[in-house]
Amino acid sequence: MAVLVTGGAGYIGSHMVLALIDAGHDEVVVLDDLSTGFDWALPPEVTLVRGDVADQPLVAETIRRHGIDALAHFAAKIVVPDSVSDPLGYYLANTVKSRALIEAAIGAGVRHVIFSSTAAVYGEPAVVPVPEDLTPNPINPYGRSKLMTEWMLEDAARAHGISYVVLRYFNVAGADPRGRSGQSTPNATHLIKVATQAALGKRGQLEVFGTDYPTPDGSCLRDYIQVSDLAQAHLVALNHLRGGGDSLTLNCGYGRGYSVLEVIDVVKSVSGVDFPVKLSPRRAGDPSRIIAGADRIRAELGWVPQHDDLRGIVTQALAWEEALGRRNRV
Ligand SMILES: NC(=O)c1ccc[n+]([C@@H]2O[C@H](COP(=O)([O-])OP(=O)(O)OC[C@H]3O[C@@H](n4cnc5c(N)ncnc54)[C@H](O)[C@@H]3O)[C@@H](O)[C@H]2O)c1
Ligand SMILES: O=c1ccn([C@@H]2O[C@H](COP(=O)(O)OP(=O)(O)O[C@H]3O[C@H](CO)[C@@H](O)[C@H](O)[C@H]3O)[C@@H](O)[C@H]2O)c(=O)[nH]1
């Protein structure tokens with residue numbers, strides 16, 4: 001039995017690939033168009049099929065040739081403010097292309113799907129930590145594009161007798177503790193990545209988008225989950241599905257929020273660099289606070305995080321950012 005990982009050359013997908021290889025899964029196939037991913041992020045034993053997830057003949061051929069029973073679907077466009085300026089691009093990438101992929105995968109015999117969803121489906125939740133049962137109410141096109149795919153998957157699974165786990169990731173950060181992968185996108189917009197770049201002098205300053213939110217220090221609160229912990233959540237989800245487990249929708253977070261200003265303090269403290277910070281207006285599409293109700297995934301899948309420590313996450317991110325510079329990559 002083999003696993004197809006779409007977007008496996010990207011940040012989170014590459015950690016899933018490493019987790020599969022580390023756990024002894026011998027056949028891992030990645031489908032990636034390398035639009036934001038890197039072939040060098042993949043270990044040599046992995047098969048890379050370069051192409052688009054919406055290329056149905058390619059998807060069907062890949063699944064049949066490698067005897068794939070399980071699909072982990074990471075490939076997407078992921079930047080919240082970009083989704084506000086280019087909503088139709090996001091609906092195409094995240095909804096329309098996912099529909100094509102799911103159809104081709106089911107048609108070719110895939111039995112299990114793990115889908116990379118997002119905390120953005122909750123929008124500006126009335127309660128934090130957010131339980132999975134809260135009715136989703138996304139406030140940006142990115143969250144809507146992902147929620148529609150959740151719904152398509154749920155309906156298709158019911159109609160065609162397949163099983164799925166939807167994982168709603170909160171803010172993913174950090175890097176492989178062994179230094180094999182990390183966030184490599186040159187123009188990344190994620191807070192911890194950008195802050196480490198500021199600490200290393202790759203950016204002149206860090207902007208704080210909004211200090212007038214209804215939060216304790218006025219900046220936004222997020223729940224930062226370490227990327228290898230998240231990859232492990234996919235492994236236990238895969239085992240659950242292959243063992244005949246029911247379909248599930250689960251939050252992936254630690255259940256604790258940090259403000260933007262707190263994150264910046266940690267990056268300054270870990271790096272020892274007091275880089276310039278500019279207080280700027282709010283960014284389009286940002287909810288003020290989003291923190292995971294984090295119990296269900298532990299109860300359902302027995303997931304036990306190993307890296308629930310913001311200083312550790314920042315230390316990994318900083319080490320990866322330094323290594324990228326040394327390798328003269330990005
Ligand atoms: N990074 C986060 O904090 C976060 C939080 C919640 C959810 N997610 C979800 O996790 C998933 C992975 O995100 P990431 O941070 O690793 O992003 P990423 O941009 O690093 O990875 C996406 C990968 O998908 C590939 N790709 C994109 N469109 C494709 C297509 N049409 N066909 C084939 N390959 C394609 C890219 O080349 C890249 O390798 C996404 O679905 C994203 O929505 C991310
Ligand atoms: O230079 C920066 C970058 C970010 N922020 C703020 O930091 C917070 C986190 O932003 P960012 O790291 O860009 O992540 P989010 O916009 O919260 O979105 C991430 O987390 C979501 C889940 O919560 C995922 O769905 C998205 O894919 C992923 O990009 C937000 O308040 C931003 O306004 C800044 O103030 N300055």
Side-chain angles (χ1 to χ4, degrees), residues 5-16 30-39 41-42 48-55 58-59 72-83 90 92-94 96-98 100-101 115-122 130 138 140 142-143 145-146 149 167-173 181-185 188-195 197-198 203 205-211 213 215 219-225 227 230-231 234 251-253 257-261 263-264 277-292:
V5 183
T6 75
Y11 171 46
I12 306 169
S14 64
H15 288 80
M16 166 69 165
V30 166
L31 173 61
D32 200 300
D33 66 3
L34 302 183
S35 52
T36 57
F38 303 92
D39 51 5
L42 295 171
L48 170 63
V49 177
R50 188 171 178 175
D52 194 306
V53 295
D55 182 340
L58 178 68
V59 169
H73 178 33
F74 290 86
K77 284 179 180 279
I78 68 156
V79 181
V80 171
D82 289 356
S83 80
Y90 271 68
L92 173 62
N94 296 351
V96 176
K97 290 192 177 190
S98 292
L101 171 71
F115 174 57
S116 304
S117 189
T118 165
V121 301
Y122 295 116
V130 197
N140 51 55
Y142 170 71
S145 72
K146 287 282 183 170
T149 298
L167 294 177
R168 291 176 175 161
Y169 313 162
F170 284 63
N171 288 56
V172 188
S181 192
Q183 168 59 272
S184 307
T185 318
T189 53
H190 293 110
L191 177 64
I192 290 180
K193 168 88 175 176
V194 173
Q197 290 180 327
R203 293 179 188 242
Q205 64 176 15
L206 178 71
E207 280 189 83
V208 176
F209 298 128
T211 49
Y213 285 99
T215 57
S219 67
C220 292
L221 293 176
R222 295 289 185 273
D223 184 341
Y224 295 90
I225 176 173
V227 63
L230 180 59
H234 291 72
N251 288 342
C252 294
Y258 291 94
S259 74
V260 173
L261 295 174
V263 170
I264 292 171
V277 171
K278 180 181 170 201
L279 304 184
S280 295
R282 293 182 180 196
R283 192 177 71 172
D286 277 345
S288 63
R289 51 186 191 144
I290 183 94
I291 299 165

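Just follow the structure's listing: the first ligand is 1, and inside any ligand the first atom is 1. The analysis underlying the following values was restricted to heavy atoms, covering all of them including side chains, and did not include hydrogens, waters or symmetry mates. When a residue number appears, it is its place in the shown sequence, counting from 1.
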For ligand 2, the portion of H190 having any non-hydrogen atom under 4.0 Å away
both
Salt bridge flag under 4.0 Å for residues K97 and D52
yes
Sidechain-backbone polar pair: Q183 side chain, T185 backbone, donor-acceptor under 3.5 Å
yes
Spacing of OG belonging to S259 relative to OH belonging to Y213, to within rounding of 0.5 Å
13.0 Å
Does only the side chain of Y142 get under 4.0 Å from ligand 2, or the backbone, or both, or neither? Count heavy atoms.
side chain
Is any N or O atom of K146, backbone or side chain, closer than 3.5 Å to an N or O atom of ligand 1?
yes
Examine the proximity of ligand 2 to L191 and report which part, side chain or backbone, both or neither, has a heavy atom under 4.0 Å away.
both
The protein heavy atom nearest to atom 35 (O) of ligand 2 is F209 N, 2.9 Å
Residue portion contacting ligand 1 (non-hydrogen atoms closer than 4.0 Å) for A54
neither
Closest protein heavy atom (residue, atom, distance) for atom 8 (C) of ligand 2:
V260 CG2, 3.9 Å
Applying a 4.0 Å heavy-atom criterion (strictly less than), which segment of L206 is in contact with ligand 2: side chain, backbone, both, or neither?
side chain
Just checking H234 against F115, ring centres under 6.0 Å apart?
no
Record the part of I12 in heavy-atom contact with ligand 1 below 4.0 Å; permitted values are side chain, backbone, both and neither.
both
Walk me through whether N171 and Y258 qualify under side chain to side chain donor-acceptor pair (under 3.5 Å).
CA-CA 11 Å; N171 288 56; Y258 291 94; over 6 Å; no
